[in-house]
Amino acid sequence: QVQLVESGGGLVQAGGSLRLSCAASGRAFSSYGMGWFRQAPGKERVFVAAINWSGARTYYADSVKGRFTISRDNAKNTVYLQMNSLKPEDTAVYYCAAQRSSVVTRNTGDFGSWGQGTQVTVSS
């Protein structure tokens, strides 16, 4: 298992940008697929983006495609989520998650390690 710590959340105006980071500790970070999920108040946690172990494959929810970019730096044991053109509906707690698999999925149940979350608030 890896331990995950998110950072970079905050308050931003609509149209602005934020960059979330997720630092992983533990062994073999490069063998994990990584994902970002978000949970708005009163709603279930949903998929945002995922990246495979090498960074060669990325996947996005339709709601963020073209605005968000997921990336990773295996030398730094870190995964990032660059969020541009933010909208009020992007307001949520954002969670980083790790999946020990060569194939990364979009399902919360497939991810075995989770961070504590970071709040992103987009004002209109």
Task: Ser30 versus Asn74, closest heavy-atom pair with distance - done: CB-ND2, 3.6 Å

TODO: Among Trp53, Phe29, Phe111, find the residue that satisfies the side chain to side chain contact (heavy atoms under 4.5 Å, CB included) test when tested with Met34.
DONE: Phe29

- [ ] Determine, using the 4.5 Å side-chain heavy-atom cutoff (strictly less than), whether Ile51 and Trp36 are members of one ILVMFWY cluster.
- [x] yes

Open item on the list: On a heavy-atom basis, which atom in Leu81 and which in Tyr94 lie closest, and how many Å separate them?
Closed with: CD2-CD2, 4.2 Å

Task: Closest non-hydrogen atom pair between Ala28 and Arg100, with its separation - done: CB-NH2, 4.0 Å

TODO: Determine the minimum heavy-atom distance between Ser124 and Ala14, stating which atoms define it.
DONE: CA-CB, 4.4 Å

TODO: Kindly compute the distance separating CG (Leu18) from CZ (Phe68), expressed to the nearest 0.5 Å.
DONE: 9.0 Å

Open item on the list: Nearest 0.5 angstrom please: Asp110 CG to Phe47 CZ, how far?
Closed with: 11.5 Å

Task: Heavy-atom pair of closest approach, residues Ala98 and Tyr32 - done: CB-CD2, 3.7 Å

Distance-only check: which donor-acceptor pairs under 3.5 Å involve side-chain atoms of residues 56-64, not counting sequence neighbours?
unit_1, atom_1, unit_2, atom_2, d
Tyr60, OH, Ile70, N, 2.9
Asp62, OD1, Lys65, NZ, 3.2

Task: Where at least one partner belongs to residues 42-51, residue pairs that pass side chain to side chain donor-acceptor pair (under 3.5 Å), sequence neighbours excluded - done: Gln39-Arg45

TODO: For residues 71-90, pull every pair meeting ring pair (Phe, Tyr, Trp, His ring centres under 6.0 Å), keeping only residues two or more places apart or in separate chains.
DONE: none

Task: From OG1 (Thr121) to CG (Asp90), nearest 0.5 Å - done: 11.0 Å

Task: Qualifying ring pair (Phe, Tyr, Trp, His ring centres under 6.0 Å) pairs with a residue from residues 4-23, counting only residues at least two apart or across chains - done: none

Task: Same apolar cluster (I L V M F W Y, side chains within < 4.5 Å links), Leu20/Val12 - done: yes

Open item on the list: Over 60° means perpendicular and under 30° means parallel, so tell me whether Trp114 and Phe37 are parallel, tilted or perpendicular.
Closed with: tilted

TODO: Would you please name every residue forming a side-chain hydrogen bond (donor to acceptor under 3.5 Å, both in side chains) with Ser54, sequence neighbours left out?
DONE: Asn52

Open item on the list: Just verifying a value: how many Å separate Gln116 CD and Glu6 CD, rounded to the nearest 0.5 Å?
Closed with: 4.5 Å

Task: Minimum heavy-atom distance between Thr91 and Ala40, given as atom pair plus value - done: O-CB, 3.9 Å

Task: Donor-acceptor contact present, side-chain Arg67 to main-chain Ser85, <3.5 Å - done: yes

- [ ] Scan side-chain atoms only and decide if Ser71 and Gln82 contain a donor-acceptor pair under the 3.5 Å cut-off.
- [x] no

Open item on the list: Would you compute the distance between atom CG of Leu4 and atom OG of Ser113 and round it to the nearest 0.5 angstrom?
Closed with: 5.5 Å

TODO: Consider only side-chain heavy atoms of I, L, V, M, F, W and Y, link residues closer than 4.5 Å, and tell whether Val79 and Val104 are in one cluster.
DONE: no

Open item on the list: Quick check for you: to the nearest 0.5 Å, what is the distance between Arg106 atom CZ and Thr108 atom OG1?
Closed with: 13.5 Å

Task: Non-neighbouring partners of Glu89 that pass side-chain hydrogen bond (donor to acceptor under 3.5 Å, both in side chains), sequence neighbours left out - done: none

